[in-house]
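Accompanying notes for the structure given below.
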Amino acid sequence: MPEGHTIHRYARLQTQALGDTSLRMSSPQDRASEAAEALDGRRIERIDAYGKHLLYRFEDELSLHVHLGLFGRFRTWRAPAPPPRDTIRLRFDAGERVIDLSGATASHLIDPATEAKMLARLGPDPLRPGADPERAWEALRRRRIPIGAALLDQNVIAGIGNVYRAEILFACGLDPILPAKTIKRAEWEEIWETTRAMLRTGERSGRIVTVPASESKGAPSKLRGRDRVQVYRREQCRRCGTKVRMKEISARNLFWCPTCQPRRRRLA
DNA sequence: AAGAATGTTATGTA
DNA sequence: CTACATAACATTCT
């Protein structure tokens, strides 16, 4: 099973490696070669993350847009690294370490106008300081789609993926098929705060961990695989043992516990 | 070795 | 404008 990964995790890892990082080569493929040529030898000054979009700021105001998509991966080698395989798009040289990028849906230069357009389409990212939850709330109120679909919609809220949407709804005790517009204000506030807390934990621990802190004993790395989550891709609910349900929503498999996330009672 | 997987955008239709 | 389906794109693992 592939190791759990999120954009935020890699954003953090990359930031740590920033000390003296430069771009060193292009891949044999020409997909990213334009970027590689333009950026060759330049230092990274900063990495900005908006949802799952990463913006690498290089010297001379050059920006590299990276989106890992479903298959994208950074692989870190201790130098000297083996020759890059032919799926490697870009290789970063961080001194002791060498970081290879493969599989990303985006890894190219981006100009300020294009970047602005891209960011304008994103809902607030709960990890960014100053993110405005009201924008997402306003969007929710207009949508009839299930809340389970809305949480994946980057126009509504940016940065939640398929694992987190399941785990957030579990933590909030919400039935995933509830129409977004029926979510109550207090429930929304809980969703937002839960999301922030979960993503921050993910950033800190470098993996997705959604079980209560009391259960991970402050050492989430000791939990393995499916034991780091409550419902996602589990047979049984980690809290109550009920058989976990699965349904395709937004073209992804959504998992939930019918006991911990009951259907909302109709009001009399 | 087909199929699934932690993602997103574009496009057409209603 | 919202919604829904489909295709496209990227790669690795079992």
Side-chain angles (χ1 to χ4, degrees), chain A residues 1-13 27-33 35 49-55 65-75 84-90 100-108 110 114-115 117-123 125 127 135-136 138-170 177 179-182 195 198-199 201-203 205-210 224-234 246-255:
Chain A
M1 169 171 136
E3 195 46 326
H5 71 256
T6 67
I7 287 292
H8 300 295
R9 170 185 178 191
Y10 287 115
R12 175 170 172 275
L13 293 177
S27 82
Q29 320 271 319
D30 45 31
R31 182 114 33 200
S33 66
Y50 292 86
K52 297 171 204 154
H53 296 268
L54 302 179
L55 293 162
H65 176 214
V66 174
H67 194 295
L68 296 182
L70 205 47
F71 311 127
R73 183 151 140 96
F74 284 112
R75 180 170 286 167
R85 305 168 55 160
D86 60 6
T87 53
I88 300 304
R89 299 276 180 255
L90 297 170
D100 282 340
L101 172 63
S102 64
T105 46
S107 58
H108 39 60
I110 189 168
T114 309
E115 178 184 322
K117 254 183 262 172
M118 179 192 91
L119 295 183
R121 276 188 269 115
L122 290 182
D125 173 353
L127 270 185
R135 282 175 55 216
E138 287 305 321
L140 283 189
R141 296 176 55 187
R142 277 184 268 112
R143 306 291 209 108
R144 280 166 292 169
I145 56 173
I147 184 65
L151 293 187
L152 274 193
D153 187 335
Q154 304 299 118
N155 303 311
V156 173
I157 184 169
I160 297 175
N162 198 29
V163 181
Y164 281 120
R165 81 160 162 177
E167 297 296 314
I168 290 163
L169 291 170
F170 176 89
I177 62 136
K181 65 196 311 184
T182 67
T195 303
M198 275 189 190
L199 292 182
T201 299
E203 230 183 353
S205 52
R207 41 176 45 112
I208 299 174
V209 182
T210 65
R224 286 207 290 142
R226 291 180 185 75
D227 263 338
R228 299 195 195 105
V229 295
Q230 305 279 46
V231 284
Y232 178 76
R233 231 162 254 294
R234 285 180 58 96
M246 180 181 93
K247 184 184 199 301
E248 192 174 293
I249 296 189
S250 296
R252 321 298 306 283
N253 288 323
L254 173 58
F255 301 81

Closest to the side chain of A:R75, out of B:dT9, C:dC13, C:dA10, is C:dC13
Against the side chain of A:R143, the closest entry in C:dT12, B:dG7, C:dA3 is C:dA3
Hey, is the side chain of A:H108 poking within less than 4.0 Å of OP1 or OP2 on C:dA10, counting only N and O atoms? no
By side-chain contact (heavy atoms from CB on, under 4.5 Å), A:T182 pairs with (sequence neighbours left out) A:L178, A:P179, A:R264
To the nearest angstrom, the CZ-C1' distance between A:F71 and B:dT9 comes to 15 Å
Here the residues of residues 149-157 of chain A within 4.0 Å heavy-atom distance, strictly under, of DNA chain B are A:Q154
Closest of C:dA3, C:dA10, B:dG7 to the A:R144 side chain is C:dA3
Heavy-atom nearest pair, A:F255 first then A:A166, reads O-CB, 3.6 Å
Taking C:dA10, B:dA5, B:dT9 as options, the one with an atom nearest any side-chain atom of A:R233 is B:dA5
A:H67 atom NE2 is separated from B:dT9 atom C1', nearest whole Å, by 10 Å
dist A:K181:NZ -> A:R141:CZ (nearest 0.5 Å) comes out at 10.0 Å
Original post:
A:R142 near the nucleic acid: base, sugar-phosphate alone, or nothing, with a heavy-atom cut-off under 4.0 Å?
Top reply: sugar-phosphate
Between A:R165 (side chain) and A:G148 (backbone), is there a donor-acceptor pair under 3.5 Å?
yes
Under the rule of Watson-Crick or G-U wobble with both distances under 3.5 Å, where | means paired to another strand and [ ] a crossing pair, DNA chain C maps to .||||||||.||||
Between NZ of A:K117 and C1' of B:dT8 the distance, given in whole Å, is 18 Å
To the nearest angstrom, the CD1-P distance between A:I88 and C:dA10 comes to 15 Å
A:L70 atom CG is separated from C:dA7 atom C1', nearest whole Å, by 15 Å
When rounded to the nearest 0.5 Å, the distance separating CZ of A:R143 from CG of A:N155 is 6.5 Å
Worksheet entry | Any A:N253 side-chain N or O less than 4.0 Å from OP1/OP2 of B:dA5 | yes
Margin query: Classify the ring geometry of A:H67 against A:H53: parallel below 30°, tilted from 30° to 60°, perpendicular beyond 60°.
Written below: perpendicular
Residues A:D227 and A:R234: closest non-hydrogen pair is OD1-NH1, 3.2 Å
Result for side chain to side chain contact (heavy atoms under 4.5 Å, CB included) between A:L169 and one of A:I177, A:V231, A:L151 points to A:L151
When rounded to whole Å, the NE2 to C1' distance for the pair A:H65 and C:dA10 reads 14 Å
d(A:R252 CZ, A:L152 CG) to nearest 0.5 Å is 7.0 Å
Side-chain atoms of A:R121 come closest, of C:dT2, B:dT9, B:dG7, to B:dT9
With A:T210 as partner, the option from A:Q230, A:E167, A:R228 fulfilling side-chain hydrogen bond (donor to acceptor under 3.5 Å, both in side chains) is A:E167
When rounded to whole Å, the CZ to P distance for the pair A:F74 and C:dT12 reads 14 Å
*asked:* For a quick test of reading the model: is some side-chain N or O of A:T87 closer than 4.0 Å to OP1 or OP2 of C:dT12?
replied: yes
A:I145 CD1 to C:dC4 P, in whole Å, measures 8 Å
